[in-house]
Trainee: 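Would you mind keeping the following structure in view while I ask a few things?
For clarity, every value in this text was computed on a predicted model and none was experimentally measured.
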Amino acid sequence: MIDKVIEIAKEAGRFLKENEGKISEIKEKGYFTNLVTNIDKGSETKIKNFVEKNFPGHGVLAEESGISSPSSEYRWIIDPLDGTTNFTHAFPVYCVSIAVEHKGEVVAGAVYDPNFDELFSAEKGGGAFLNGKRLVVTPADKLERSMLATGFPYDVKDDPFHCVEHFESFLVRAQAVRRLGSAALDICYVAAGRLDGFWEVNLHPWDTAAAVLITTEAGGKVTGFHGEKYSIYQKDIVLSNGKIHDEMLEVIRQNL
Ligand code: IPD
Ligand code: CA
Ligand code: CA
């Protein structure tokens, strides 16, 4: 199955790249900061058609069109374009994220970045890979020597989960904090050892499902803000190389 997930993630990613700068429709979804373009929709249709053709009857949870075939044991969790705001500015940080859940457990995932031609992938229990090369998280064991990333939800003005205060606290405790604009890539960068940790609020399963599997398969750790077992259906996430996890939770606890 992973080969098929990779095949369509790459195809959809190439479609995004080919269509950069060719957006004909941009709409706001509730907030002026939450955008969807005809290219998000085109990518999603491509992926859904592929699933229907190759895995008839499988369920789908896709960002722009929601749930279909909910009674299937399988669920494809699709973000057809993660980093839409970047995409609309031709800022080259965006990707396609596709995961497959089987009986409620994520078993395969791929995140494809068409700008760097980077394919992050994992199968449950089989390790994580970047363009076929095995991934391992960093050995950093102190927050003050760690580079982190985060993102902000579309309703940031309401400061959900005190996300602005968490940002301030990490800024003065970590070596550096980055904000790239694609949660799936942020998380995969922890798997790839380019970042040591990540946190965010109000994410959705399509943002995190594939990338979280990839990072845990690379040796990373993931929990909610209270240190509890993480579910892709919850809103708060802390993810790290494992060694700085407790320190990250301690910083978050200051503003809970
Ligand atoms: C968004 C990106 C961004 C994150 C937002 C997400 P989208 O996804 O992942 O980094 O901060 O919360 O919604 O809308 O571009 O698919
Ligand atoms: Ca997304
Ligand atoms: Ca999206």
Trainee: Any chance you could measure Leu119, atom CG, to Asn131, atom CG, to the nearest 0.5 Å?
Mentor: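 It comes to 6.0 Å.
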Trainee: Which residues pass the salt bridge (Lys or Arg N to Asp or Glu O under 4.0 Å) test with Glu20, sequence neighbours left out?
Mentor: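 If we apply the salt bridge (Lys or Arg N to Asp or Glu O under 4.0 Å) test to Glu20, skipping adjacent residues, the hits are Lys17.
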Trainee: Any donor and acceptor pair, going by atom type alone, linking the side chain of Asn202 with main-chain N or O of Asp155 inside 3.5 Å?
Mentor: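 Side chain of Asn202 to backbone of Asp155, a donor-acceptor pair under 3.5 Å: no, none is there.
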Trainee: Determine, using the 4.5 Å side-chain heavy-atom cutoff (strictly less than), whether Tyr154 and Val164 are members of one ILVMFWY cluster.
Mentor: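 Per the 4.5 Å side-chain linkage, Tyr154 and Val164 are not co-clustered.
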Trainee: Find the distance between OG (Ser169) and NE2 (His162) and round it off to the nearest 0.5 Å.
Mentor: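 Rounded to the nearest 0.5 Å, the OG-NE2 separation comes out at 11.0 Å.
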Trainee: Looking at Arg134 and Gly127, what are the two nearest heavy atoms and their distance?
Mentor: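 Nearest heavy atoms, Arg134 then Gly127: NH2-CA, 3.4 Å.
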Trainee: Spell out, as yes or no, whether a donor-acceptor pair under 3.5 Å connects the side chain of Asp158 to the backbone of Pro160.
Mentor: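 Not confirmed, Asp158 side chain does not pair with Pro160 backbone.
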Trainee: I'd like to know if Ile26 and Leu16 are part of one continuous hydrophobic network [Ile/Leu/Val/Met/Phe/Trp/Tyr, side-chain heavy atoms within less than 4.5 Å].
Mentor: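 Linked, Leu16 and Ile26 end up in one cluster.
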Trainee: Please say yes or no: joined through hydrophobic side-chain contacts below 4.5 Å, possibly via intermediate residues, are Tyr189 and Val177 part of one cluster?
Mentor: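 No, Tyr189 does not connect to Val177 through the hydrophobic network.
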Trainee: Is Tyr233 atom OH crowded by more than 12 heavy atoms from other residues, nucleotides or ligands, each under 6.0 Å away?
Mentor: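 Yes - once you tally the heavy atoms of other residues, nucleotides and ligands closer than 6.0 Å, there are more than 12.
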Trainee: Walk me through it: do Asp159 and Glu165 pass the test side chain to side chain contact (heavy atoms under 4.5 Å, CB included)?
Mentor: CA-CA 8 Å; Asp159 197 18; Glu165 289 79 0; 2.5 Å; yes
Trainee: Just by distance, do the side chain of Ser69 and the backbone of Ser72 share a donor-acceptor pair under 3.5 Å?
Mentor: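 Checked: no pair found.
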Trainee: Establish, yes or no, whether a centroid distance under 6.0 Å links the rings of Trp199 and Phe170.
Mentor: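 Between Phe170 and Trp199, which both carry aromatic rings, the centre distance is below 6.0 Å.
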Trainee: For residues Ile244 and Leu195: do they belong to one hydrophobic cluster (side chain heavy atoms under 4.5 Å, members Ile, Leu, Val, Met, Phe, Trp, Tyr)?
Mentor: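 They do not share one cluster, since no chain of ILVMFWY contacts under 4.5 Å joins Ile244 to Leu195.
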Trainee: Run the side-chain donor-acceptor check on residues 54-65: report pairs under 3.5 Å with partners two or more places apart or on a different chain.
Mentor:
| residue | atom | partner | partner atom | Å |
| --- | --- | --- | --- | --- |
| Asn54 | ND2 | Phe50 | O | 2.9 |
| His58 | ND1 | Trp76 | NE1 | 2.9 |
| Glu63 | OE2 | Lys29 | NZ | 3.2 |
| Glu64 | OE1 | Lys29 | NZ | 3.0 |
| Glu64 | OE2 | Lys29 | NZ | 3.3 |
| Ser65 | OG | Glu44 | OE2 | 2.5 |
| Ser65 | OG | Lys48 | NZ | 2.9 |

Trainee: Are the side chains of Val212 and Tyr230 in touch, meaning some heavy atoms are under 4.5 Å apart?
Mentor: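 In contact.
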Trainee: Between Val51 and Val106, is there a shared hydrophobic cluster once you connect ILVMFWY residues whose side-chain heavy atoms come closer than 4.5 Å?
Mentor: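 No.
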Trainee: Can you name the salt bridge (Lys or Arg N to Asp or Glu O under 4.0 Å) partners of Arg194, sequence neighbours left out?
Mentor: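 Here the qualifying residues are Glu118.
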Trainee: Sort and list the pairs that fulfil salt bridge (charged side-chain N to carboxylate O under 4.0 Å, His left out) and have at least one residue in residues 202-231, not counting sequence neighbours.
Mentor: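 For residues 202-231, and leaving out neighbouring residues, there are no salt bridge (charged side-chain N to carboxylate O under 4.0 Å, His left out) pairs at all.
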Trainee: Check the pair Lys41 / Glu25 against side chain to side chain contact (heavy atoms under 4.5 Å, CB included), numbers first and verdict last.
Mentor: CA-CA 10 Å; Lys41 291 180 188 162; Glu25 180 191 283; 3.4 Å; yes
Trainee: Can you name the salt bridge (Lys or Arg N to Asp or Glu O under 4.0 Å) partners of Lys235, sequence neighbours left out?
Mentor: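 Checked Lys235 against salt bridge (Lys or Arg N to Asp or Glu O under 4.0 Å); zero matches.
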Trainee: What residues form a ring-ring contact (aromatic ring centres under 6.0 Å, His included) with His204, not counting sequence neighbours?
Mentor: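 Result, ring-ring contact (aromatic ring centres under 6.0 Å, His included) vs His204: Trp206.
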Trainee: On a heavy-atom basis, which atom in Val100 and which in Met1 lie closest, and how many Å separate them?
Mentor: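 Scanning both residues completely, I find the closest heavy atoms to be CG1-SD, 3.5 Å.
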Trainee: Would you please name every residue forming a ring-ring contact (aromatic ring centres under 6.0 Å, His included) with Tyr112, sequence neighbours left out?
Mentor: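 Partners of Tyr112 by the ring-ring contact (aromatic ring centres under 6.0 Å, His included) criterion come out as none, since no residue qualifies.
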Trainee: How about Val111 and Val96: do any of their side-chain heavy atoms sit closer than 4.5 Å?
Mentor: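 Val111 vs Val96: side chains apart.
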Trainee: Considering only heavy atoms from C-beta outward, does the side chain of Leu203 approach that of Glu200 to under 4.5 Å?
Mentor: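 Yes. Closest side-chain heavy atoms under 4.5 Å.
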Trainee: How long is the gap from CZ on Arg179 to CG on Asp186, to the nearest 0.5 Å?
Mentor: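 Going from the CZ atom of Arg179 to the CG atom of Asp186 covers 8.0 Å.
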Trainee: Can any side-chain N or O of Ser43 pair as donor or acceptor with the backbone N or O of Ile39 at less than 3.5 Å?
Mentor: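 Checked: no pair found.
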Trainee: Taking atom types as modelled, is there a side-chain donor on Thr84 or Asp40 under 3.5 Å from an acceptor on the other?
Mentor: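 Note: Thr84 and Asp40 side chains meet the donor-acceptor criterion.
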Trainee: Regarding Thr85 and Tyr94, do their side chains bring together a donor and an acceptor under 3.5 Å, going by distance alone?
Mentor: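 No.
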Trainee: Taking the side chain as every heavy atom from C-beta outward, state whether Ile23 and Asn19 have any pair of such atoms under 4.5 Å apart.
Mentor: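 With C-beta onward as the side chain, the pair stays apart.
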Trainee: Which atom names give the shortest non-hydrogen contact between Val137 and Gly220, and what distance separates them?
Mentor: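 Looks like CG1-N, 3.6 Å.
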Trainee: Would you please name every residue forming a salt bridge (Lys or Arg N to Asp or Glu O under 4.0 Å) with Glu18, sequence neighbours left out?
Mentor: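 Checked Glu18 against salt bridge (Lys or Arg N to Asp or Glu O under 4.0 Å); zero matches.
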Trainee: Examine the side chains of Asp236 and Gln234 and answer whether a donor and an acceptor come within less than 3.5 Å of each other.
Mentor: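 Side chains of Asp236 and Gln234: pair found under 3.5 Å.
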Trainee: With salt bridge (charged side-chain N to carboxylate O under 4.0 Å, His left out) as the rule and sequence neighbours excluded, what pairs involving residues 240-256 come up?
Mentor: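 Output for this query lists Arg173-Glu247, Arg173-Glu250.
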Trainee: At what distance, to the nearest 0.5 angstrom, does CD1 of Ile214 lie from CZ of Phe120?
Mentor: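 Between Ile214 CD1 and Phe120 CZ, I get 7.5 Å after rounding to 0.5 Å.
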Trainee: Show your working on side chain to side chain contact (heavy atoms under 4.5 Å, CB included) between Leu249 and Val238 and close with a plain yes or no.
Mentor: CA-CA 8 Å; Leu249 289 176; Val238 188; 4.0 Å; yes
Trainee: Find out whether Arg14 and Pro114 are in side-chain contact, i.e. whether some heavy atom of one side chain is under 4.5 Å from a heavy atom of the other.
Mentor: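 When only atoms from C-beta onward are counted, Pro114 and Arg14 do not touch, as no gap falls below 4.5 Å.
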Trainee: Which distance, rounded to the nearest 0.5 Å, do you find between the CZ of Phe87 and the CG of Asp82?
Mentor: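 Going from CZ on Phe87 over to CG on Asp82, the span is 13.0 Å.
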Trainee: Classify the angle between the aromatic ring planes of Phe161 and Phe225 as parallel (below 30°), tilted (30 to 60°) or perpendicular (above 60°).
Mentor: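 Aromatic pair Phe161/Phe225 classed perpendicular.
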Trainee: State which residues pass side chain to side chain donor-acceptor pair (under 3.5 Å) with Ser24; sequence neighbours excluded, sorted by chain then number.
Mentor: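 In terms of side chain to side chain donor-acceptor pair (under 3.5 Å), with neighbours along the sequence ignored, Ser24 is linked to Asn38.
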Trainee: Taking C-beta and beyond as the side chain, do Leu148 and Leu143 meet within less than 4.5 Å on heavy atoms?
Mentor: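 They are in contact (side-chain heavy atoms under 4.5 Å apart), so the answer is yes.
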Trainee: Closer than 3.5 angstrom, by distance alone: can the side chain of Thr215 be matched with the main-chain N or O of Ile187 as a donor-acceptor pair?
Mentor: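 Side chain of Thr215 to backbone of Ile187, a donor-acceptor pair under 3.5 Å: yes, one is there.
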Trainee: Is Lys124 close to Leu213 at the side-chain level, that is, under 4.5 Å between some pair of heavy atoms?
Mentor: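 In contact.
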Trainee: Look up atom CD1 in Ile6 and atom CD1 in Ile98, then write down how far apart they are to the nearest 0.5 Å.
Mentor: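 Going from the CD1 atom of Ile6 to the CD1 atom of Ile98 covers 10.5 Å.
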Trainee: Could you tell me which residues satisfy ring-ring contact (aromatic ring centres under 6.0 Å, His included) with His89, sequence neighbours excluded, listed by chain and number?
Mentor: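 Counting only residues at least two positions away or on another chain, His89 forms no ring-ring contact (aromatic ring centres under 6.0 Å, His included).
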Trainee: Side chains of Ile232 and Glu101, heavy atoms from C-beta outward: is any pair under 4.5 Å?
Mentor: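 Yes, side chains in contact.
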Trainee: Tell me the closest heavy-atom pair linking Phe91 and Leu180, and the distance in Å.
Mentor: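 Minimum heavy-atom contact is CE2-O, 4.3 Å.
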Trainee: So which heavy atom on Val156 is nearest to which on Cys163, and how close?
Mentor: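 It is CG2-SG, 4.2 Å.
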Trainee: Applying ring-ring contact (aromatic ring centres under 6.0 Å, His included), can you list everything that pairs with Phe167, at least two apart in sequence or on another chain?
Mentor: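 Phe167: ring-ring contact (aromatic ring centres under 6.0 Å, His included) contacts with Phe152.
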Trainee: Looking at Asn86 and Val93, what are the two nearest heavy atoms and their distance?
Mentor: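 Answer, listing the atom of Asn86 first, then Val93: ND2-O, 2.8 Å.
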